[in-house]
Asker: 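Have a look at the structure that comes next, please.
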Amino acid sequence: MTQPTQCSVFRISQVLRSGEPDTTVIIRGWVRTKREQKTFTFIEVNDGSSMAGLQVVVSDAIVGYAESIKRINTGASVEIEGKLVPSPGKGQRLEMQAIALTVHGEADPETYPLQKKRHSFEFLRDIGHLRSRTNTLSAVFRVRNACAAAVHQFFQERGFLWVHTPILTASDCEGAGEMFSVTRFDLNKLPIKEGKVDFSQDFFGKPTYLTVSGQLEAEIMAMAFSDVYTFGPTFRAENSNTSRHLAEFWMVEPEMAFCDLKGDMDLAESFLKYVFKHVMETCQEDMEFLQQRIDDSVLDTADNIINSEFARVTYTEAIALLEKSNKAFEYPIAWGIDMQSEHERWLAEEYFKKPVIVTNYPTEIKAFYMRLDDGGKTVSAMDILAPKIGEIIGGSQREERLDVLESRIRAQGLDPEVYWWYLDLRRYGTVPHAGFGLGFERLVQFMTGMANIRDVIPFPRTPMNVEF
RNA sequence: UCCUCAGUAGCUCAGUGGUAGAGCGGUCGACUGUUAAUCGACUGGUCGCAAGUUCGAAUCUUGCCUGGGGAGCCA
């Protein structure tokens with residue numbers, strides 16, 4: 001505690017960690033439980049700074065006791081000045097003896113939806129404005145915060161430049177998915193010209209969308225700053241109804257000039273190790289709670305990521321392993337297929353039992369910008385497959401040769417004109433370069449063991465859901 | 001978008017053609033350095049919506065809506 005002799009405001013995590021008996025402090029937060037006794041009342045106050053709350057003992061000797069206690073119920077907001085004392089009860093080192101108590105806002109127990117017991121995540125999604133006050137969601141969001149901090153720390157330590165790629169875009173980046181349109185048109189009065197919507201009258205003069213990836217712009221910046229990364233929201237208008245998809249999600253996309261596929265894989269692996277390590281160091285209490293209440297493999301998973309080397313196989317080797325597995329897959333195995341969830345899960349969960357990096361995929365099933373391998377049958381792509389959640393990272397060495405890139409754009413039925421600036425990067429000072437994309441929510445999901453991706457982002461956007 | 005399961009009290013669920021139930025919550029009381037406190041009483045319903053079958057529907061049929069799980073698409 002920095003100011004033990006002065007009465008001042010502290011976060012509850014500070015009080016619990018380093019509070020000293022006989023000091024007087026002020027805490028502020030929301031009441032989790034109230035237990036009335038004959039001549040005093042226990043209340044547990046949580047301010048979001050930690051899993052544990054502070055137990056406050058309110059004696060009936062304090063001014064306005066009866067009225068205050070009546071107004072204090074689960075969910076009420078309070079500010080309490082009190083003296084820290086060693087706790088005679090079990091479960092906490094310190095507790096607070098209240099001296100003065102202010103109730104900022106009541107929470108009518110007849111209508112407040114959060115009870116002291118466990119709720120289903122489905123129900124909590126219906127009260128998205130209140131669910132962050134629960135143990136599990138607050139633990140998840142603290143872990144999410146730690147992950148975000150670790151992302152920046154990892155790249156900043158390595159001299160990467162954080163680039164803010166645009167959210168509004170006119171390019172559709174390899175057709176990575178259905179895009180949300182952005183317009184200033186009144187949709188009930190669309191200007192029509194020759195039977196089609198006349199986008200020349202719209203804000204940007206052409207069809208515009210929410211970005212699905214910052215990769216192409218990241219490549220632009222990598223051609224000036226060598227190592228860059230993006231970390232921001234991306235959007236997919238896919239009608240995906242799964243526990244692993246969101247319409248709005250955050251992506252981390254590093255892009256490195258003078259880098260090949262091996263460098264890309266090495267960076268991705270050390271990146272994941274770094275983030276897991278950081279979370280284990282800074283959110284120990286939250287991770288232990290998640291281990292206990294959500295998924296009892298969370299700590300093993302983290303240990304596994306941090307301490308073991310990821311498996312690495314080529315696509316061709318992976319297909320051979322699947323063929324030899326003698327497992328009855330729903331989708332048949334053959335060289336050239338786009339691996340299905342069941343195949344990826346078998347590799348990561350049953351065969352390797354840890355993350356596995358699969359490289360050099362068939363050219364036909366990958367995007368045009370991935371670098372063609374010698375022979376042309378495969379490209380220098382890599383996916384990292386994690387147990388339970390599948391693909392967590394997808395990356396590649398980019399095609400830096402102008403002629404090859406142009407022919408690949410044409411081969412996929414795309415118009416090179418549209419990519420004029422992307423091609424210019426190969427005309428002027430092209431270099432081998434590589435990068436990857438990571439779905440941030442999937443990382444948090446993997447880390448926390450949460451079954452549904454909607455519960456690792458504060459305000460999930462999914463088909464038919466934009467409340468809150 | 002497809003397959004599948006579900007929707008009944010504030011929450012979690014039981015009820016499968018004949019008077020709408022339990023636990024938890026909430027309220028009141030008792031008891032108690034408690035910590036998902038405990039004990040007792042009380043409280044609580046448009047059975048997702050609409051139509052149909054039937055003497056009678058929470059229950060059977062059809063359509064729609066919403067949610068879960070799986071698949072596809074992908075990160």
Side-chain angles (χ1 to χ4, degrees), chain A residues 31-46 52-59 70 73-75 85-92 95 97 107-127 130 134-135 173-178 212-215 233-253 293 330-331 338-342 344-345 365-367 383-386 389-395 436-446 451-457 462-465 467:
Chain A
V31 174
R32 283 289 177 82
T33 70
K34 171 176 77 167
R35 295 179 291 275
E36 282 188 78
Q37 312 292 308
K38 202 170 194 81
T39 59
F40 61 95
T41 296
F42 292 109
I43 59 176
E44 189 191 326
V45 182
N46 189 290
L54 181 64
Q55 172 161 286
V56 179
V57 183
V58 186
S59 157
K70 205 170 179 182
N73 287 295
T74 301
V85 297
S87 177
K90 283 179 183 162
Q92 60 277 317
E95 63 186 24
Q97 296 278 0
D108 182 357
E110 302 254 19
T111 57
Y112 187 63
L114 287 174
Q115 304 172 2
K116 283 182 261 184
K117 62 169 191 171
R118 192 167 192 161
H119 289 103
S120 69
F121 291 118
E122 292 84 355
F123 171 66
L124 291 174
R125 274 172 227 145
D126 290 339
I127 49 166
L130 299 171
T134 63
N135 284 334
C173 188
E174 51 138 339
E178 292 288 312
V212 294
S213 166
Q215 183 199 311
T234 51
F235 307 86
R236 302 281 165 91
E238 304 282 348
N239 189 11
S240 295
N241 291 287
T242 81
S243 55
R244 302 179 308 282
H245 290 86
L246 292 164
E248 175 181 293
F249 64 100
W250 284 58
M251 270 217 284
V252 178
E253 297 175 293
R293 297 288 287 272
E330 191 187 335
Y331 293 86
D338 208 351
M339 275 192 261
Q340 302 293 313
S341 284
E342 57 174 346
E344 296 180 344
R345 291 187 66 145
I365 60 171
K366 288 292 184 183
D383 283 357
I384 301 187
L385 311 176
I389 57 166
E391 186 182 339
I392 189 169
I393 282 179
F436 64 80
L438 164 123
F440 185 64
E441 282 74 18
R442 288 197 183 164
L443 175 66
V444 180
Q445 221 187 331
F446 188 35
N452 197 308
I453 201 165
R454 292 159 204 207
D455 302 321
V456 299
I457 185 167
T462 52
M464 304 309 289
N465 181 16
E467 198 69 42

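Here is how names work: the chains are called A, B, and so on, in the same order as the sequence lines, proteins then strands, and each is numbered from 1.
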Asker: If the P atom of rC73(B) is compared with that of rG63(B), how far apart are they to the nearest Å?
Answerer: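 Here rC73(B) and rG63(B) have their P atoms 29 Å from each other.
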
Asker: Hey, does the side chain of Arg35(A) come within less than 4.0 Å of rA36(B)'s phosphate (OP1/OP2), counting only N and O?
Answerer: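 Checking Arg35(A) against rA36(B): no side-chain N or O falls below 4.0 Å of OP1 or OP2.
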
Asker: Looking at Arg125(A), does any N or O in its side chain come under 4.0 Å of the phosphate oxygens OP1/OP2 on rG68(B)?
Answerer: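 Yes, because at least one side-chain N or O of Arg125(A) sits under 4.0 Å from OP1 or OP2 of rG68(B).
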
Asker: Whether the side chain of Gln115(A) and the base of rG26(B) hold a donor-acceptor pair under 3.5 Å is what I'd like checked.
Answerer: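 Donor-acceptor pair under 3.5 Å: no.
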
Asker: Take the protein atom CD1 of Ile127(A) and the nucleotide atom C1' of rG25(B), then report the distance between them rounded to whole Å.
Answerer: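 One finds 13 Å between C1' of rG25(B) and CD1 of Ile127(A), rounded.
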
Asker: Distance criterion of 3.5 Å, no angle test: do you see the side chain of His245(A) paired donor-to-acceptor with the base of rC74(B)?
Answerer: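 Yes, a donor-acceptor pair under 3.5 Å.
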
Asker: If you go through the side-chain atoms of Ser240(A), does one of them form a donor-acceptor pair with the base of rC73(B) closer than 3.5 Å?
Answerer: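 Check passes, donor-acceptor contact within cut-off.
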
Asker: Can you find an N or O donor on one side and an acceptor on the other, under 3.5 Å apart, linking the side chain of Gln55(A) with the base of rU34(B)?
Answerer: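 Indeed, a donor on one side and an acceptor on the other fall under 3.5 Å apart.
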
Asker: Decide yes or no, distance alone: a donor-acceptor N/O pair under 3.5 angstrom between the base of rG69(B) and the side-chain of Glu122(A).
Answerer: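 Looking at the base of rG69(B), it does not pair with any donor or acceptor on the side chain of Glu122(A) (distance under 3.5 Å).
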
Asker: Can you tell me how far P in rG33(B) sits from the matching atom in rG70(B), rounded to whole Å?
Answerer: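 Those two atoms are separated by 49 Å.
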
Asker: For rG72(B), take OP1 and OP2 only and decide whether either is under 4.0 Å from a side-chain N or O of Ser341(A).
Answerer: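 Ser341(A) to rG72(B) OP1/OP2: side-chain N or O found under 4.0 Å.
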
Asker: Base of rC11(B), side chain of Lys117(A) - is there a donor-acceptor contact under 3.5 Å?
Answerer: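 Between rC11(B) and Lys117(A), which were checked side chain against base, a qualifying N/O pair under 3.5 Å is present.
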
